[in-house]
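First the proteins, then the strands, lettered A, B, ... as listed; each starts at 1. What's counted below: heavy atoms across the whole structure, side chains too, no hydrogens, waters or symmetry copies.
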2 protein chains.
Amino acid sequence: MAANSRFAVAVHALAVIAWHEDARHSSREIASSVATNPVVIRRLLAQLSRAGIVESAHGAKGGFRLARPAGKIRLYDVYAAVEEGGFFALPEKGNDQCPVSCRMKAILDGVFKRVESKVVPELKRATLADVVGQLPRPA
Amino acid sequence: MAANSRFAVAVHALAVIAWHEDARHSSREIASSVATNPVVIRRLLAQLSRAGIVESAHGAKGGFRLARPAGKIRLYDVYAAVEEGGFFALPEKGNDQCPVSCRMKAILDGVFKRVESKVVPELKRATLADVVGQLPRPA
DNA sequence: GCCATATGTAACCATTATAGTTCCCAATTA
DNA sequence: TAATTGGGAACTATAATGGTTACATATGGC
């Protein structure tokens with residue numbers, strides 16, 4: 001698995017937590033649902049914790065829970081917490097002697113910014129509650 | 001350079017060609033502007049050739065040119081030709097015994113589709129001519 | 001025909017990001 | 001004290017991308 005599934009796994013993990021919003025959930029339990037290693041989950045949730053999306057507790061009866069209600073957690077918050085750059089990458093090099101190359105960075109930057117201006121509102125509209133609402137009720 | 005700059009490099013390469021739309025351009029010339037290896041350019045342009053965006057010619061006086069006017073080449077066509085999957089990746093695994101995990105793929109798929117439905121029209125609106133229009137006139 | 005030039009492509013190496021794993025420490029609860 | 005749990009370091013594995021070399025093939029001019 002080299003593909004970038006960080007956002008998908010983060011949403012999945014949060015959905016597991018939000019499904020029983022009151023209880024704490026261990027990284028082992030979450031990893032079991034995602035089918036990965038508990039350390040991978042802890043690493044990812046550490047980022048969400050720094051972003052103020054989840055809270056963690058050490059020790060027995062410890063684990064993770066949401067830092068605020070699922071309806072107040074936008075998918076954009078999750079995306080911003082776990083994904084570094086934008087959706088595209090700009091090449092870092094270029095021939096400064098070439099009049100085309102000299103302008104390309106600014107031109108591509110404009111294109112990418114216009115695309116992101118469409119994506120971000122979409123990710124801000126959807127919340128974790130919308131995701132959990134599509135799950136069956138807990139038994 | 002492990003980041004995914006294929007789309008950016010493809011647009012850059014096409015801009016070099018479209019700047020002098022009448023002449024043919026060698027991979028060496030284009031690579032010089034992008035500051036990379038000619039083989040990298042040929043690999044990328046081979047994809048654009050298969051997509052009917054550029055035409056190539058072997059031999060002396062050979063090289064690449066646009067297969068149709070720059071105004072008819074949408075950035076979406078370029079994106080579709082050089083980028084494989086969507087903007088996000090779905091995790092391939094999951095615990096089939098978990099009621100949350102069982103639904104996550106379909107739920108995430110819905111989220112991603114909604115985002116792409118905003119991105120695609122934006123990339124279909126912009127053409128290579130819009131990019132070239134932001135370049136200085138050829139000397 | 002010969003040769004310079006150019007694409008097409010295979011093969012290989014380097015770099016980087018992500019994922020996976022093991023291990024130990026710190027904190028908490030019973 | 002013992003069991004449980006997150007935090008994090010350190011390491012390996014895998015895969016995608018980019019970079020490079022090499023060679024076959026095609027073209028145009030002499």
Side-chain angles (χ1 to χ4, degrees), chain A residues 1-10 12-13 16-17 23-32 34-51 53-65 67 81-95, chain B residues 1-10 12-13 16-17 23-32 34-51 53-65 67 82-94:
Chain A
M1 197 198 301
N4 190 18
S5 57
R6 299 170 65 80
F7 177 62
V9 172
H12 186 157
V16 171
I17 299 174
R24 285 189 183 277
H25 301 265
S26 72
S27 58
R28 252 193 61 194
E29 174 197 352
I30 299 166
S32 159
V34 179
T36 186
N37 192 293
V39 176
V40 173
I41 297 298
R42 289 206 291 271
R43 273 202 292 238
L44 205 53
L45 291 188
Q47 293 186 270
L48 298 180
S49 176
R50 279 191 286 273
I53 295 172
V54 299
E55 289 171 353
S56 65
H58 281 69
K61 307 280 178 182
F64 298 90
R65 67 177 173 200
V82 303
E83 294 285 354
E84 286 299 310
F87 296 90
F88 304 99
L90 284 169
E92 63 304 315
K93 304 186 301 181
N95 181 351
Chain B
M1 198 200 298
N4 190 16
S5 57
R6 298 170 64 79
F7 177 61
V9 171
H12 186 156
V16 170
I17 298 174
R24 287 190 180 277
H25 302 265
S26 72
S27 58
R28 253 194 62 194
E29 174 197 350
I30 300 166
S32 158
V34 179
T36 185
N37 193 293
V39 176
V40 173
I41 297 298
R42 289 205 292 270
R43 273 202 293 237
L44 206 54
L45 290 188
Q47 292 186 269
L48 298 181
S49 177
R50 279 190 287 273
I53 295 172
V54 299
E55 289 171 352
S56 65
H58 281 69
K61 306 284 178 179
F64 298 89
R65 69 177 172 201
V82 302
E83 295 284 354
E84 287 298 309
F87 296 90
F88 304 99
L90 284 169
E92 63 303 314
K93 302 186 304 181

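A straight line from CZ of A:Arg65 to P of D:dT5 spans 16 Å, rounded to a whole angstrom. The CG-P distance, from B:Asn37 to C:dG8, rounds to 15 Å in whole Å. Whole-Å rounding puts the B:Glu83 CD to D:dG18 C1' distance at 14 Å. Distance, A:Ile41 CD1 to D:dT5 P: 15 Å, rounded to whole Å. Atom pair B:Leu44:CG and C:dT9:P shows a separation of 14 Å (rounding to whole Å applied). Distance B:Arg50 CZ to C:dT9 C1': 10 Å, rounded to the nearest Å. In this structure, A:Phe64 places its CZ atom 13 Å from C1' of C:dA27, rounding to the nearest Å. Taking atom CZ of residue B:Phe7 and atom C1' of nucleotide D:dT17, one finds them 17 Å apart after rounding to whole Å.
Residues A:Val9 and A:Arg6 form no side-chain contact, since every pair of their non-hydrogen atoms from C-beta on lies 4.5 Å or further apart. Taking the side chain as every heavy atom from C-beta outward, A:Val40 and A:Val34 never approach each other to under 4.5 Å.
Between the NE2 atom in B:His25 and the OG atom in B:Ser32 there is a gap of 13.0 Å [rounded to 0.5 Å]. From B:Arg50, atom CZ reaches atom CG of B:Leu45 across 11.0 Å, with rounding to the nearest 0.5 Å. Taking CD1 from B:Ile53 and CD1 from B:Ile17, the interatomic distance works out to 10.5 Å, rounded to the nearest 0.5 Å. Here the CG atom belonging to B:Leu44 is positioned 12.0 Å from the OG atom belonging to B:Ser27, to the nearest 0.5 angstrom.
In this view, A:Phe64 satisfies the ring-ring contact (aromatic ring centres under 6.0 Å, His included) rule with no residue, not counting sequence neighbours.
Closest to the side chain of B:Ser5, from the set C:dT7, D:dG18, C:dT21, is D:dG18. Of the candidates C:dT9, C:dG8, D:dG6, D:dG6 carries the atom nearest the A:Ser56 side chain, counting heavy atoms from C-beta on. Among the nucleotides C:dT18, D:dA22, D:dG7, the one closest to the side chain of A:Arg6 is C:dT18. You'll find that the side chain of A:Thr36 is closest to C:dG20, out of D:dG6, C:dG20, D:dT21.
Remark: the B:Arg43 side chain and the D:dG19 base include a donor-acceptor N/O pair separated by less than 3.5 Å. Scanning atom types as modelled, no donor and acceptor separated by under 3.5 angstrom connect the side chain of A:Arg24 and the base of D:dG6.
Within the nucleic acid shown, A:Arg28 has no heavy atom closer than 4.0 Å to any nucleic acid atom.
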Give me, pair by pair, the N or O atoms of the protein and of nucleotides 26-30 of chain D that are less than 3.5 Å apart, along with how far apart they are.
unit_1	atom_1	unit_2	atom_2	d
D:dT27	O2	B:Ala60	N	3.0

